[in-house]
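Below is one structure, written out as structure tokens, with a few remarks after it.
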Amino acid sequence: MEERQRARRPGGRAARVGAAVHQAVTDLISERGYGKFTVGDVAARAGVADSSIYRRWGNLETLLTDVALTRLNARSPMPDTGSLSGDLRTYAANVARDITGPEGLALLRLAVALSGSGPQGRRALDDLLAERARQLQSMLDRADERGERAPDVLGVLDHVMAPMYIRVLFGVGPLTPEYVDGLVDRLLARRCDGDGDGDGDAEKALGGPAPR
């Protein structure tokens, strides 16, 4: 009975090991960048055995994906404001805050590192993107259930996220609240007009929405 109670107790050894490993990965990414450390480095920094990491995550790529998703979910959870417009604006504002913050384009750097690290990295990247897309889809599904006409996930990626990443990557302009809101306005207008044509979006991303 006592053993079962210990197994159920929250915040036990497994939780402490998980937190230590996640922190070690975060620190190593900050110090060295992606692709420049091993499971052994993570284990040494976290004070755990390599076997503990392999047993729980299987490989470094899966561990990196888990850390990225945990940080994304903590810093940028999918909003539920009660309206599609409110959800999209909050989501876009959170993305803008994150990619212009101290950690900048960490998720993009992780994607590049995983895509170049062989089949395991590609699978881990696919899992990461699929999970984040699933979370975004759940936000859009709520709008549909309220009777709002929600765009699809690719529409949000193409017309809201991609322009922001382009601006930051190429340093062509700040992500002001007005600019970010303008991206959402265009997406909502396209949805109302039934216009799915994405021609010229890259040019709009560089120049931004027309002043309001």
Side-chain angles (χ1 to χ4, degrees), residues 13-78 91-92 94-140 152-171 175 198 201-202 205:
R13 183 177 184 279
R16 292 195 298 273
V17 169
V21 169
H22 273 225
Q23 187 60 54
V25 170
T26 300
D27 292 344
L28 287 167
I29 289 170
S30 298
E31 294 170 13
R32 305 184 191 179
Y34 290 108
K36 297 180 180 178
F37 56 88
T38 66
V39 167
D41 294 328
V42 175
R45 180 68 63 96
V48 303
D50 294 23
S51 58
S52 297
I53 295 177
Y54 284 115
R55 188 164 53 246
R56 183 162 176 175
W57 287 279
N59 54 62
L60 180 61
E61 291 79 12
T62 301
L63 171 58
L64 290 173
T65 299
D66 185 41
V67 172
L69 272 175
T70 299
R71 292 166 71 186
L72 273 175
N73 292 337
R75 291 176 55 83
S76 298
M78 290 298 163
Y91 175 66
N94 288 342
V95 171
R97 178 202 64 205
D98 287 346
I99 65 176
T100 57
E103 297 178 5
L105 300 171
L107 182 60
L108 184 60
R109 289 196 294 269
L110 172 59
V112 171
L114 290 176
S115 67
S117 59
Q120 287 184 333
R122 186 67 230 181
R123 283 195 296 273
L125 176 58
D126 289 344
D127 290 344
L128 170 62
L129 297 178
E131 174 58 21
R132 199 56 175 169
R134 185 196 64 77
Q135 294 174 0
L136 180 55
Q137 185 64 59
S138 70
M139 183 184 80
L140 301 175
D152 59 21
V153 170
L154 285 179
V156 178
L157 296 178
D158 287 345
H159 302 299
V160 177
M161 293 190 67
M164 290 195 288
Y165 271 91
I166 288 172
R167 276 207 160 196
V168 174
L169 278 170
F170 292 99
L175 298 184
D201 277 352

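Numbers here are sequence positions counted from 1. Worth knowing before you read on, the calculation uses all heavy atoms, side chains too, and leaves out hydrogens, waters and symmetry mates.
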Non-hydrogen side-chain atoms of Trp57 and Leu64 separated by less than 4.5 Å: no
Minimum heavy-atom distance between Leu114 and Ser117, given as atom pair plus value: O-OG, 2.9 Å
Trace of the side chain to side chain contact (heavy atoms under 4.5 Å, CB included) decision for Leu72 with Gln135: CA-CA 11 Å; Leu72 273 175; Gln135 294 174 0; over 6 Å; no
Spatial distance of atom CE (Met161) from atom CD1 (Ile166) [nearest 0.5 Å]: 12.0 Å
Ile53 to Val21 - nearest heavy-atom pair and separation: CG1-CG2, 4.2 Å
Residues that Asp98 engages under salt bridge (charged side-chain N to carboxylate O under 4.0 Å, His left out), provided they are two or more places apart: Arg75
Any donor-acceptor N or O pair under 3.5 Å, side chains Arg123, Gln120: no
Any side-chain heavy-atom pair of Asp41 and Arg32 under 4.5 Å: yes
Distance in Å, Ile99 CD1 paired with Leu169 CG, rounded so as to fall on 0.5 Å steps: 8.0 Å
Any donor-acceptor pair under 3.5 Å from Asn94 side chain to Tyr91 backbone: no
Side-chain polar contacts of residues 45-52 - donor-acceptor pairs under 3.5 angstrom, sequence neighbours left out - could you list them?
unit_1	atom_1	unit_2	atom_2	d
Arg45	NH1	Glu31	OE2	3.0
Arg45	NH2	Glu31	OE1	2.9

Contact list for residues 52-64, test salt bridge (charged side-chain N to carboxylate O under 4.0 Å, His left out), sequence neighbours left out: none
Student check: side-chain heavy atoms of Val168 and Met164 closer than 4.5 Å: no
Audit row: Val95, Val160, side chain to side chain contact (heavy atoms under 4.5 Å, CB included) steps and yes/no: CA-CA 10 Å; Val95 171; Val160 177; over 6 Å; no
Interatomic spacing from CZ in Arg167 to OG1 in Thr100 - rounded to 0.5 Å: 12.5 Å
Check against side chain to side chain contact (heavy atoms under 4.5 Å, CB included), Val39 and Leu63: CA-CA 9 Å; Val39 167; Leu63 171 58; 5.7 Å; no
Leu128 side, atom CG; Asp66 side, atom CG - distance, nearest 0.5 Å: 10.0 Å
Gap between atom OG1 of Thr65 and atom CG of Leu110 - 0.5 Å precision: 6.0 Å
Arg132/Asn73 under side chain to side chain contact (heavy atoms under 4.5 Å, CB included): CA gap, chis, key distance, verdict: CA-CA 9 Å; Arg132 199 56 175 169; Asn73 292 337; 3.2 Å; yes
Residues Arg134, Gln137; criterion side-chain hydrogen bond (donor to acceptor under 3.5 Å, both in side chains); working and verdict: CA-CA 5 Å; Arg134 185 196 64 77; Gln137 185 64 59; over 6 Å; no
Spatial distance of atom CD (Gln23) from atom CG (Asp27) [nearest 0.5 Å]: 4.5 Å
